[in-house]
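Remember, it's a predicted structure, so these values are computed and weren't measured experimentally. All heavy atoms count here, side chains included; hydrogens, waters and symmetry mates do not. Sequential numbering from 1 along the given sequence is applied to the chain's residues.
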Amino acid sequence: MKAVDREILRLAVPAFLALVAEPLFLLSDAAIVGHLGTPQLAGLGIAAVILQTVVGLCVFLAYGTTASVARHLGAGDLRAALAQGVDGIWLAVIIGAIATVLGVVGTPALVGAFGTGAEVAGHAETYLAIAFLGTTPLLIMLAATGVLRGLQDTRTPLLVAVVGNGVNIALNLLLVYGLDLGIAGSAIGSVIAQVVSAGWLVAVVVRASREQGAPLTPDLPGIRAAAHAAVALVIRTLALRACLLVGTYAVTRVGTDGRDVTIATHQVAITLWSFLAFALDAIAIAAQALTGRSLGSGDVETTRRLTKRMIRWGWGSGLVAGLALAAVSPFVGALFTSDPSVQELLVPVLLVAAIGQPLAGVVFVLDGVLIGAGDGAYLAWAGLVVLAAYTPAALWAATLPHGLVMVWVAMTFVFMGARGVLLTWRARGDAWMVTGARVTR
């Protein structure tokens, strides 16, 4: 068991540090923009949800690539693993170009769908129109990171994430306050940092591909195959992202007085929740890479043993995260805003989120295991079931007293609870344990 723990930690620790660094793009933006004023912070909240949804729908570029590359690695074919990864990067370029154009053109309509006041909407549109220019580098970062994770390398993405976030923070401070560009400066700084990070990751993949003789030019059949395999993961991600959008929409329906305060509080809370989710997802990243590799080599017994051990790691990590979040809940709001109303309202919301962290740790691990196994079809159906359960719960919760807190109760116990039940049931069976370099179902 010690050998299993070492293997998990070898991948999970750098992944943890990198995943913690990734949401610092938004955490640093929120901390810097929050001190411009509550309307600016609320505007960032709306823009961030939209941008995270668009990019989050393409998370298959990392997850699917990690699993497929790891399977080829487990089967002993490094050249094919890298070729698969390059196809994923080209797919990211294509999707990113389309998403950028549609996003910039559709920014007013996307922001308008949330029905916020004119001042908040103006700040949201300013940030989002610029931030969409970073969509392609963000998607390239996802695909290239997936390649390296599949190759069992989580240290390089960590280094890139740390440097990229340092660049992001420095540019944000310079542009927002030094050049007095306001919320637009925050978006510009983030886009520049994303371009730098994407270029670095691609250079690493290109060098490895050349060493193994893997092709770098676009392979249309390979790109089409990658896109086809991603459909189920897109549906899964779309359903889960829709749950987060439903939650944000429900929050905008809470009461009529102090709506800016409610939205701003939710933005800080969801940013912190996402920060912890990325952190807990470190073991899920290890699960994707190790599950893909062990199934690729045909080792079912090791796969089962790794799964059981990683579930324990997920629960323990979630418990630690929950205790930490509860401990800082009375103080952390001051880092993001000087508005006492937001700070006060944030405390009960974070306590609810803290209670759900152990469950979240288990859910993320099982999600990673099934993604690594290529069990996308089941994950897609499970995501749709969760969406069907959570939507009415969140909308109803918003009508109750203490509406924002109740929406977070629904998020913790309905959204995450339903995921936990469905993923646990699947993991106990054997249908997902398909061996070999490719998944055939």
Side-chain angles (χ1 to χ4, degrees), residues 19 22-23 25-26 44-64 92 95-96 98-100 102-103 106-107 109-111 113-114 124 128 131-132 134-135 138-139 141-143 146 227 230-252 263 266-267 269-278 280-281 284-285 288 353 356 360 363-364 366-368 370-371 376-395 398 407-408 410-412 414-420 422-423:
L19 289 169
E22 285 181 20
F25 273 106
L26 283 176
L44 174 63
I46 298 299
V49 167
I50 296 170
L51 187 64
Q52 285 176 314
T53 299
V54 173
V55 176
L57 288 176
C58 299
V59 74
F60 67 87
L61 291 167
Y63 290 173
I95 296 174
I98 296 172
T100 298
L102 295 179
T107 288
L110 290 170
V111 173
F114 287 87
L128 189 60
F132 263 123
T135 303
L138 274 172
L139 299 193
M141 287 168 63
L142 285 176
V231 171
L233 284 180
V234 170
I235 295 173
R236 166 256 183 203
T237 305
L238 179 61
L240 299 182
R241 279 288 166 184
C243 287
L244 297 181
L245 280 175
V246 166
T248 299
Y249 178 80
V251 167
T252 66
I263 296 173
H266 179 71
Q267 162 58 15
I270 201 68
T271 301
L272 289 168
W273 185 88
S274 299
F275 179 87
L276 291 177
F278 275 106
L280 293 174
D281 214 26
I285 297 302
Q288 292 173 25
V363 166
F364 296 151
L366 290 176
D367 200 47
L370 296 180
I371 289 173
Y378 179 82
L379 291 172
W381 283 111
L384 293 173
V385 171
V386 170
L387 176 60
Y390 175 64
T391 298
L395 296 177
V407 169
W408 274 84
M411 180 175 175
T412 298
V414 180
F415 174 49
M416 297 304 294
R419 291 184 70 189
L422 292 169
L423 296 178

[Y] and [X], any side-chain heavy atoms less than 4.5 Å apart:
X: Ile235; Y: Val231; answer: yes
X: His266; Y: Trp273; answer: no
X: Phe415; Y: Leu240; answer: yes
X: Ile50; Y: Thr107; answer: no
X: Thr135; Y: Leu139; answer: yes

List, one per line, each side-chain donor-acceptor pair under 3.5 Å for residues 379-393, sequence neighbours excluded.
unit_1: Thr391; atom_1: OG1; unit_2: Leu387; atom_2: O; d: 2.9

Chi angles and distances behind the side-chain contact (heavy atoms from CB on, under 4.5 Å) call for Phe132, Leu128
CA-CA 6 Å; Phe132 263 123; Leu128 189 60; 3.4 Å; yes
Determine, stepwise, if the pair Leu142 / Val55 fulfils side-chain contact (heavy atoms from CB on, under 4.5 Å).
CA-CA 9 Å; Leu142 285 176; Val55 176; 4.0 Å; yes
Atom of [X], atom of [Y] and distance for their closest heavy-atom approach:
X: Gly247; Y: Val407; result: O-CG1, 4.0 Å
X: Ala232; Y: Ala377; result: CB-N, 3.7 Å
X: Ile46; Y: Ala124; result: CB-CB, 4.1 Å
X: Cys58; Y: Ile95; result: SG-CG2, 3.8 Å

After noting the C-alpha distance and the side-chain angles of Ile270 and Met411, does the key distance pass the side-chain contact (heavy atoms from CB on, under 4.5 Å) rule?
CA-CA 11 Å; Ile270 201 68; Met411 180 175 175; 3.8 Å; yes
Once you round to the nearest 0.5 Å, how far does CZ of Arg419 lie from CZ of Phe364?
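With rounding to 0.5 Å, CZ (Arg419) is 6.0 Å from CZ (Phe364).
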Is it true that a side-chain atom of Tyr378 and a backbone atom of Leu422 form a donor plus acceptor pair closer than 3.5 Å?
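Yes, Tyr378 side chain to Leu422 backbone: donor-acceptor pair under 3.5 Å.
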Filter on side-chain hydrogen bond (donor to acceptor under 3.5 Å, both in side chains), then keep only pairs touching residues 230-239, sequence neighbours left out; what's left?
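Checked against side-chain hydrogen bond (donor to acceptor under 3.5 Å, both in side chains) - neighbours excluded - the pairs reaching residues 230-239 are Arg236-Asp367.
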List in chain and number order the residues that pass salt bridge (charged side-chain N to carboxylate O under 4.0 Å, His left out) with Asp281, two or more places apart in sequence or in another chain; answer none if no residue qualifies.
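Here no residue qualifies.
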With side-chain contact (heavy atoms from CB on, under 4.5 Å) as the criterion, how do Gln267 and Ile263 come out once you've worked through the C-alpha distance, each side chain's angles and the decisive distance to 0.1 Å?
CA-CA 6 Å; Gln267 162 58 15; Ile263 296 173; 5.6 Å; no
